[in-house]
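Scroll down for the structure; my scribbles are underneath it.
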Amino acid sequence: MDNRGHVYLDYAATTPLDARVLQAMLPYFSENFGNPSSIHYWGQMAEAALEQARQTVATVMNARSDEILFTSCGTESDNLALRGAAFFEKQVRGANHILISPVEHHAVSQTATQLAEAFGFQLEYLSVDEFGQVDPEEVRSSIRKETAIVSVVYANNEIGTINPIAEIGAICQEKDIPFHTDAVQAAAHLPMDVRRDHVDLLAIGAHKFYGPKGIGALYVRQGMELLPAQTGGKQEKNLRAGTHNIPYIVGMAEALRLTSIELHERSVRLTELRDYLISGVLLRIPRVRLTGHPTNRLPNHASFVFEGVDGNALLMLLDQAGFACSSGSACRVGMPKPSEVLTAIGYSSIWALGSLRVTLGSGTTREQIDEFLEMLPEKIEQVRKISTD
Ligand SMILES: *Cc1c(COP(=O)(O)O)cnc(C)c1O
């Protein structure tokens, strides 16, 4: 495949596999192919790789290795956290209340909706400010004795805003209510520390930080109990049955280790490019707003709304011009409904339908941003014309 003439600016949707990660994975597809549940030599080799990977992930998160569960993706981790905690808390103490933010990824919000609609849980939404941030004091006043789980996204995938997770975590801990955070987007850019943040459950997915797709992890604080998501064998402390995907687990651990080492350097470089992009867009385009927090946002993340623009038409024009961007969540392509996140932070349809997310990463250069800024005004004008014709 020849990518010349195409510029990738959609690192929040997924990232390319780091070449060093691929190298670390390769032996586990060939000579080291064993099942870690087997007793023999091959099993022991695989088991050693599995536990080494678990230790690596735990170290990066400041957790203990027996607090890390491997899953198939960020989505599965979110599902296991919410459903597992909700069912367990209901079983042992009759808790039937779920508290989430209105800016959760669908992996959380749809799971919570199903728990409400099919299993009788009472689902309550916190409010957010104009930047999409949750107020910890509102968490305090909304928690009830019968709250089974609180879930607040660490950093939003659509608008990049970072939430005050440590403060929310401290309040949940004080009230002794399980707290989950979806850190799938955050883990690529922010130092994770489950002790500092007082979280009970934290979800990550490898393909957002230059690891392979199809592998994720869930931190489960020691003492926190869940109802298993997948029953069968005894893998992952009986919580997630199924033969381990060793090459991918090894790949995720290596990608996360590299991320933790290079985090600062990557963040400094991307923040500068991001701010250059944001000020360029705000300067060149009329009737535009930056969505999400202006500074307390992911270092690689720029997101906008343009008044009177069809966001999907814009994405297609940008793609034709060689720029791969997104309108927020990759899952929403082709749906002419304003995003729930943009609605929650107060944008009307005329603005919210014209959303654009530009997310930067390892391959992004200043020249690419310059080309992007050069091309964008004309495309916006073009789409605005179509919309009013
Ligand atoms: C990508 C993403 C997910 C889903 O993760 P997968 O590994 O793709 O299943 C969940 N939450 C957030 C915030 C994300 O950005």
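Just the heavy atoms: all of them, side chains too, but no hydrogens, waters or symmetry mates, feed the values below. Each ligand, and each atom within it, is numbered from 1 in the order the structure gives.
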Does an N or O from His207, backbone or side chain, lie closer than 3.5 Å to an N or O of ligand 1? yes
CA sep, side-chain torsions, deciding dist, call: Gln235, His244, side chain to side chain donor-acceptor pair (under 3.5 Å): CA-CA 8 Å; Gln235 293 93 348; His244 293 99; 5.2 Å; no
Could you see which bit of Val184 sits under 4.0 Å from ligand 1, with heavy atoms only: side chain, backbone, both or neither? side chain
Using the six-membered ring wherever Trp is involved, compare the ring planes of Tyr347 and Trp351 and label them parallel, tilted or perpendicular (cut-offs 30° and 60°). tilted
Going by the order shown, which atoms of ligand 1 are within less than 4.0 Å of some heavy atom of Thr75? 4 (C), 5 (O), 6 (P), 9 (O)
Classify the contact between Val108 and ligand 1 as side chain, backbone, both or neither, using a heavy-atom distance cut-off of under 4.0 Å. neither
shortest atom 11 (N) of ligand 1-to-protein heavy-atom contact is with Asp182 OD2, 2.6 Å
Specify the protein heavy atom at minimum distance from atom 3 (C) of ligand 1: its residue, its atom name, and the distance to 0.1 Å. His105 NE2, 3.5 Å
Spell out, as yes or no, whether a donor-acceptor pair under 3.5 Å connects the side chain of His293 to the backbone of Gly160. no
Protein heavy-atom partner closest to atom 15 (O) of ligand 1 - residue, atom, separation in Å: Gln185 NE2, 2.6 Å
Geometric N/O contact Gly74 with ligand 1, under 3.5 angstrom: yes
Sidechain-backbone polar pair: Lys237 side chain, Asp66 backbone, donor-acceptor under 3.5 Å: yes
Relative to the heavy atoms of Asn157, which atoms of ligand 1 are at a distance of less than 4.0 Å? 13 (C), 15 (O)
Lys208 and ligand 1 - part of the residue with a heavy-atom distance under 4.0 Å: side chain
Is the distance between the ring centroids of Phe87 and Phe119 under 6.0 Å? yes
Can you check whether Lys145's main-chain N or O pairs, donor with acceptor, with Arg93's side chain at less than 3.5 Å? yes
Give a yes or no answer on whether the side chain of Ser327 reaches the backbone of Ser355 with a donor-acceptor pair at less than 3.5 Å. no
